[in-house]
Structures are given as structure tokens and as C-alpha cells.
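Scroll down for the structure; my scribbles are underneath it.
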Amino acid sequence: MLVVMQSHATEEQVRAVCDRIESLGLRAHPIPGSNRTAIGITGNSGAIDIGSLEAMSGVVECIPVSKPYKLVSRDAKEENTVVRIPTPAGEVCIGGAALAIIAGPCAVENREQAMAVAQCVKKAGAHLFRGGAYKPRTSPYSFQGLGEPGLKILAEVRERFGLGIVTEAIDNESLDLVEEYADVIQIGARNMQNFSLLKRAGKASKPVLLKRGMSATLDEFLMAAEYILSEGNYQLILCERGVRTFSEHTRNTLDLSIIPAVQSRSHLPILVDPSHGTGRRSKVLPLSRAAIAVGADGLIVEVHHDPDRALSDGAQSIIPEELEELMKEVRQIASVVHRTLN
Ligand code: PEP
Ligand code: MN
């Protein structure tokens with residue numbers, strides 16, 4: 001259920017409606033928009049008696065939301081959400097006219113490696129630095145990430161290069177630490193339906209980057225996002241990273257058609273990860289071009305200065321020169337789709 005307020009409704013009127021909703025044992029989520037505020041209601045198992053709400057001052061109407069997701073829906077908020085990420089070098093926005101490029105290694109391997117890649121990422125003009133300190137690996141014998149020492153290295157990258165940090169939390173414990181160090185908390189594909197982790201991310205004070213599960217439908221993806229918003233964190237960025245199919249010429253099949261589908265249903269920004277989406281270095285640039293052309297709000301891409309020696313995902317990591325080329329080509333395509341690349 002959504003309560004739509006008049007465009008000139010006062011803060012007191014919005015608060016009074018929220019108080020009434022809460023007094024019914026439900027949760028109120030005021031969603032300010034440029035034209036009007038809507039108040040999402042969650043926590044109800046059945047129909048809500050809308051009569052008393054509709055009669056309140058400042059209320060235009062109550063609309064039942066038929067979709068399973070509410071707060072992520074465009075019904076709740078017509079205009080695009082812009083996630084604002086404060087970094088030492090200024091604010092990075094994801095979801096506005098300017099595209100955002102997040103680049104860095106799959107994993108933080110050691111200090112020298114992280115600094116070497118970060119220098120290239122900075123030089124190429126990418127906006128945020130990615131790198132996992134906690135790695136969810138298929139094999140328990142593969143490199144699992146450095147843990148907190150890895151986060152400390154990321155903090156050094158942040159300090160030295162002024163780049164905001166995007167790094168993954170794999171469970172509630174690591175999320176506590178990631179929240180302290182990161183500018184954006186990544187929830188990986190394997191955890192897209194780890195509901196306790198989603199709830200914890202929804203209580204976090206930092207923006208979240210939620211990757212699509214490798215077999216998740218669009219509705220499942222948006223419902224996972226709904227978990228995070230329903231806990232109060234509206235700073236959410238979605239990310240398409242490929243799904244499992246019968247195709248074996250790539251690691252995953254990058255489902256670029258989900259971009260316009262998400263955009264028609266949701267106000268949330270969506271990025272594309274062409275690295276995990278293809279698993280092949282040679283496919284990263286062509287799929288990056290396509291992602292921007294189809295309307296993605298940016299890219300998250302793996303880069304390594306010495307990919308043959310990378311401890312994870314070397315085969316899909318582009319080299320620094322390729323990142324520079326990618327930035328150049330993305331800039332050209334951006335203007336065709338009325339976007340910019342700063
Ligand atoms: C990653 O970004 O390194 C990662 C593990 O991604 P995904 O969760 O999409 O597999
Ligand atoms: Mn990776």
C-alpha cells in the first residue's frame with residue numbers, strides 16, 4: 001500500500017500519517033520525490049483499512065501495490081534514485097546523468113598489488129575502487145581474501161588516491177567490518193538471497209551494491225532489493241553480473257535485457273559487471289560498450305596489472321591499458337545515449 005501525499009503537504013502532515021500507520025502496528029516508509037512524498041506501508045499480512053488514512057489532511061489517495069515489491073517500485077517513486085557516495089575526492093553519484101565506473105582487482109592480494117592497481121585505476125579516471133577482502137570462493141582451498149588486513153589496505157588506497165572503496169561482505173560478521181572501512185558495501189551474487197545478510201545491509205549506514213544471483217529472476221532480484229529498502233537503507237545500487245545458462249563460450253551469460261526491464265519497474269540505479277558476466281578478458285570491452293548503450297548507469301570491472309599472476313579471476317581481469325581504452329570508448333557511447341562520463 002502506498003499513501004500519496006499532496007505536493008504541498010507539510011512535514012507535520014507526513015509525520016502524522018506515519019504515526020497513524022505505526023500505531024496500526026505497521027511500518028511507514030516516507031519516500032520523498034521531486035513532486036510529492038509517498039509513504040510506503042509494509043508489515044501488513046492482509047488488506048489495510050484505508051478509510052482512516054485517506055481522510056487525513058495532506059493525503060491525496062491510498063493505492064494498493066499489486067507487485068510483490070513495493071519500496072523499490074516506480075509506483076513508490078517516479079524519478080530515478082541517485083545514490084550519492086561521499087569520497088575523499090568529492091561526491092560520486094550513481095544513477096544520475098553521469099556514468100560511474102568502478103574498477104579494481106577481484107581481490108586485495110597484498111599492499112603492493114592493491115597500490116599498483118589503484119594507481120592505474122586513478123590514472124584511467126575511474127570513480128571508485130573495487131577489491132575484495134572477503135572472497136566467496138567455490139573451493140575452500142582457493143584464496144579466501146585477506147580479511148581485515150585487506151580492509152586496512154583498502155583504507156590506505158582510499159587515503160592515498162582519494163578513491164571511494166567498494167568491497168564485499170560475505171556474512172553479518174564481515175559486514176560489521178566492511179561497513180567501517182568501505183564507502184559501498186557489496187553483496188555478491190552468491191548471497192543475493194542470504195536474507196539475514198540483506199536485512200543487516202538494510203540497517204547499514206553506507207550504500208549497498210547488490211549483485212544479481214546467478215539464477216535469479218527479475219522478481220527475485222527486486223525482492224532481494226526490497227529486503228534492504230524495507231530495513232531503511234534506500235541507498236541501493238543494483239548490478240547485473242550474468243546468469244548461468246547452457247552457453248559455454250562465456251563464464252556466465254550477461255543478461256543485458258534486464259537493464260531496461262529493471263528501469264521500467266524500479267527507480268534504483270543499475271550497473272553492469274562485464275567481468276563476471278563473461279569471464280573472459282577479451283569480452284569485457286565489447287560488453288562494456290553494449291552495457292552503456294543499453295542504458296546501464298555504469299560499470300564495475302576487474303583490473304589487474306599482472307593478471308596471469310592474480311590470485312583470483314585473472315582470466316577476466318583487463319590490464320590497465322585496456323581500462324584506459326574502455327574509459328575512452330564509454331565516454332563516446334555515453335554522449336549517444338545522453339549520458340556523460342566525468
Ligand atoms: C566479485 O565481484 O568479485 C564477485 C565475487 O562477484 P559475484 O558475486 O558477481 O560473483
Ligand atoms: Mn571476481
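One-based numbering along the sequence shown. These values consider heavy atoms only, across backbone and side chains, with no hydrogens, waters or symmetry-generated copies. All ligand and atom numbering here is 1-based and tracks the order in the structure.
- The one candidate from Val166, Leu154, Val303 that meets the side-chain contact (heavy atoms from CB on, under 4.5 Å) condition with Phe129 is Leu154.
- For ligand 1, the atoms lying closer than 4.0 Å to a non-hydrogen atom of Cys106 are 3 (O).
- Between Glu156 and Arg111, at least one side-chain nitrogen of the basic residue sits less than 4.0 Å from a carboxylate oxygen of the acidic one, meeting the salt-bridge criterion.
- Of all atoms in ligand 1, numbered sequentially from 1 with element shown, those under 4.0 Å from a heavy atom of Arg190 are 7 (P), 8 (O), 10 (O).
- Contact annotation: the side chain of Leu163 approaches that of Lys122 to within less than 4.5 Å [non-hydrogen atoms, C-beta and beyond].
- Protein heavy atom at the shortest distance from atom 6 (O) of ligand 1 is Lys211 NZ, 2.9 Å.
- With respect to atom 9 (O) of ligand 1, the closest heavy atom belonging to the protein is Arg241 NE, 2.7 Å.
- With hydrophobic clusters built from ILVMFWY side chains whose heavy atoms lie under 4.5 angstrom apart, Leu210 does not share a cluster with Ile85.
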Just do the salt bridge (Lys or Arg N to Asp or Glu O under 4.0 Å) check on Glu148 and Lys152 with the steps written out, would you? CA-CA 6 Å; Glu148 192 173 7; Lys152 291 201 158 79; 3.5 Å; yes

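- Closest to atom 8 (O) of ligand 1, if we only count protein heavy atoms, is Ala189 N, 2.7 Å.
- If you look at Tyr227 and Phe195, their ring centroids are closer than 6.0 Å.
- Not a single heavy atom of Gly132 lies less than 4.0 angstrom from ligand 1.
- Val65 and Leu71 are members of different hydrophobic clusters when ILVMFWY side chains are connected at heavy-atom separations under 4.5 Å.
- The nearest protein atom to atom 4 (C) of ligand 1, hydrogens excluded, is given as His276 NE2, 3.4 Å; this is a heavy-atom distance.
- Vertex the Mn ion (ligand 2); arms to Asp313 atom OD2 and His276 atom NE2; angle 90° (nearest 10°).
- For the ligand labelled ligand 1, residue Gln186 lies inside the 4.0 Å heavy-atom shell.
- Closest N/O/S atom of Glu302 to the Mn ion (ligand 2): OE2.
- Atom 5 (C) of ligand 1 has its closest protein heavy atom at Glu168 OE1, 3.8 Å.
- The shortest separation from a heavy atom of Arg130 to ligand 1 is under 4.0 Å, placing the residue in contact.
- Near Gly188, meaning under 4.0 Å from one of its heavy atoms, ligand 1 places the atoms 8 (O).
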Check against salt bridge (Lys or Arg N to Asp or Glu O under 4.0 Å), Arg251 and Asp313: CA-CA 11 Å; Arg251 180 179 177 184; Asp313 286 348; 3.1 Å; yes

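- Of the options Lys206, Arg158, Arg130, a salt bridge (charged side-chain N to carboxylate O under 4.0 Å, His left out) to Asp183 is made by Arg158 and by none of the others.
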